[in-house]
2 protein chains.
Amino acid sequence: MASIEIGQPLTARGKATRARIVEAATELVRAHGVANTSLDAVLAASDTSKSQLYHYFADKDDLVLAVIQRQTECVLATHESHLRKLHSLAGLRRWRDAVVELSRQTDCAGGCPLGSLVSELAESPRPRELLAESFARWEALLVAGFRAIQARSGTRRDCDLTELATVVLAALQGGLLLAQTTRSTRALELALDMAIDHVEAHLA
Amino acid sequence: MASIEIGQPLTARGKATRARIVEAATELVRAHGVANTSLDAVLAASDTSKSQLYHYFADKDDLVLAVIQRQTECVLATHESHLRKLHSLAGLRRWRDAVVELSRQTDCAGGCPLGSLVSELAESPRPRELLAESFARWEALLVAGFRAIQARSGTRRDCDLTELATVVLAALQGGLLLAQTTRSTRALELALDMAIDHVEAHLA
DNA sequence: TAAAGAGTGGACTAATCAGTCCAGTCCTAG
DNA sequence: CTAGGACTGGACTGATTAGTCCACTCTTTA
């Protein structure tokens, strides 16, 4: 059932160790990418040993799956906290500002953690599936927000909310990629503004 | 002046060897990424030897710079051939169709070669600069197209063509990333349609 | 308290990697 | 034709990597 069959920790101590490994691996992967993150580095950062890592994970690929899931929860939690209370286009623009501010705080470095994982892992079936699910959940968050806006405003135009969510996500990802390249949030701002104008035109 | 000072080939034979190395490296990097492309693999694919590679490149990083430049020329040449003859919004939509078709032909695999390089190399100063230049040239191609459309239609609304190019490029990159993840061109189509509608609204 | 199994420490291996080195061959200029 | 430099082949090195293995400790339970 679970994607990771090997060595689910049975004790509290085991759970803590596994969590420490995933936490350290996630941070290193976000900073340097999967290929540039060695297991030795993960062990050093999490203060664990080889036998512990292989006690909980079949191999590096298996650990990477756990990293994808952990990173997904982090990213979605961040956006969920902004999108949950959404009930107007003004709220959507506040979300935009928050996303831009987040990017600015890190000097546009790293781009989107999930987007980076895509370009590194999309040719491997299982990681790609997991990332596709992550983006589907992200879209669902946006769709829920759009629905709340529609409910508040009373209007209910006939349009596909999922498609709106897809293009907003595409604008976000593309904007972050260009922002990462130019080390300026300009592209991200413009892309999100376009996407939100698009939402406004089709929703209201 | 040039970014690569070491071992510019002086003879025709030398030029051919260097070109073969860059060609093979570019193909391998596009397929597997920089970190997963070993120099030994490049040598095997280009039928050259270690001493040849280090005769023309200082180290792997230096080779990667050449790969970025080569990949840039490939991508820009592809789009230039479509955008050069641009003089109407219908032409822009034909470019959209061509981009989508190109993605479909490879089953959405790999995404944009330049976009993938960004997420792998954007934290290294020199590669990042080179990629920023690549995107700037790409935007310039789009701006030239927009100007041609404006000239043809006679209208000349006051709007920043560079900003329009930025958001079109962002939509393209984000759309390709999501297409790569979902193995469907749907997101790419929607993102480009949104961007072109945006261009139409601000240009015409 | 004693057995059983979960959890741990770290040495070890085999493969792979980037990069070095040197003995050559090929080409061209004088 | 010959010297010098461009170019080439490939063996070699040292570092790093993923993954194995076994002796050991801790914790729970009967």
Side-chain angles (χ1 to χ4, degrees), chain A residues 2 4-29 31-68 120-121 124 126-127, chain B residues 2 4-29 31-68 120-121 124 126-127:
Chain A
I4 296 151
E5 299 92 359
I6 291 180
Q8 277 300 343
L10 301 179
T11 69
R13 186 171 63 137
K15 275 191 222 299
T17 300
R18 187 183 187 280
R20 237 180 321 134
I21 292 172
V22 174
E23 176 63 28
T26 302
E27 201 165 325
L28 287 168
V29 164
H32 309 112
V34 171
N36 291 313
T37 297
S38 73
L39 298 184
D40 286 340
V42 172
L43 301 182
S46 61
D47 195 37
T48 52
S49 69
K50 269 275 162 80
S51 58
Q52 284 171 289
L53 197 156
Y54 281 94
H55 188 69
Y56 298 112
F57 304 97
D59 50 25
K60 188 179 178 179
D61 290 346
D62 196 22
L63 173 60
V64 167
L65 294 183
V67 166
I68 294 172
E120 198 167 3
L121 302 171
S124 311
R126 194 75 189 98
Chain B
I4 297 152
E5 300 94 358
I6 291 181
Q8 277 299 341
L10 301 179
T11 71
R13 186 170 62 135
K15 276 190 223 297
T17 299
R18 187 183 188 280
R20 237 179 322 133
I21 292 173
V22 174
E23 176 63 27
T26 302
E27 203 165 324
L28 287 168
V29 164
H32 310 113
V34 171
N36 291 313
T37 297
S38 74
L39 298 183
D40 286 340
V42 171
L43 301 181
S46 62
D47 195 37
T48 52
S49 69
K50 270 277 161 80
S51 58
Q52 285 171 288
L53 196 154
Y54 281 94
H55 187 68
Y56 298 112
F57 303 97
D59 49 25
K60 188 179 179 181
D61 290 346
D62 196 20
L63 174 60
V64 167
L65 294 182
V67 166
I68 294 173
E120 198 168 1
L121 302 170
S124 311
R126 193 77 189 98

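Every value quoted in this text rests on a predicted model; they were computed, and no experiment measured them. Quick note on labels: first sequence line is chain A, next is B, and so on, each numbered from 1.
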Practice prompt. Side chain of B:Lys50 only, please: which of C:dA6, C:dA18, D:dG9 is the nearest?
Written response: C:dA18
Worksheet item: Closest nucleotide of DNA chain C for A:Gly14 versus for B:Thr11: which of these residues is on the 5' side?
Response: A:Gly14
Worksheet entry | Between C:dA11 (P) and A:Tyr54 (OH): distance, integer Å | 17 Å
Worksheet, complete the sentence: Testing D:dT17, D:dC7, C:dG7 for proximity to the side chain of A:Ser38, the answer is D:dT17
Fill in: Below 4.0 Å: OP1/OP2 of C:dT8 and any side-chain N or O of A:Ser49
no
Discussion item. Given C:dT20, C:dG7, D:dG19, identify the nucleotide with an atom nearest to the side chain of A:Asp59.
Written reply: D:dG19
Worksheet entry | D:dT8 OP1/OP2 closer than 4.0 Å to side-chain N/O of B:Gln52 | yes
Item to complete: State whether A:Ser51 places a side-chain N or O below 4.0 Å from either non-bridging phosphate oxygen (OP1 or OP2) of D:dC21.
Response: no
Worksheet item: Looking at NZ of A:Lys60 and CG of A:Leu65, how far apart are the two atoms once the value is rounded to the nearest 0.5 Å?
Response: 12.5 Å
Worksheet item: Which one, C:dG7, D:dG9, D:dC7, comes nearest to the side chain of A:His55?
Response: C:dG7
Worksheet item: Can you check the B:Leu53 CG to C:dT20 P distance for me, whole Å?
Response: 12 Å
Worksheet entry | Test side chain to side chain contact (heavy atoms under 4.5 Å, CB included) applied to A:Val67 and A:Thr37, step by step | CA-CA 12 Å; A:Val67 166; A:Thr37 297; over 6 Å; no
Worksheet item: Out of C:dT8, D:dT8, D:dT17, which has the shortest distance to the side chain of A:Asp40?
Response: D:dT17
Fill in: Side chain of A:Lys60 - closest among C:dT8, D:dG19, C:dG19
D:dG19
Worksheet item: Taking CG from A:Leu43 and C1' from D:dT16, how many angstroms apart are they, rounded to a whole number?
Response: 14 Å
Response to the item:
Of D:dT27, D:dG9, D:dA18, the nucleotide closest to the side chain of A:Arg13 is D:dT27
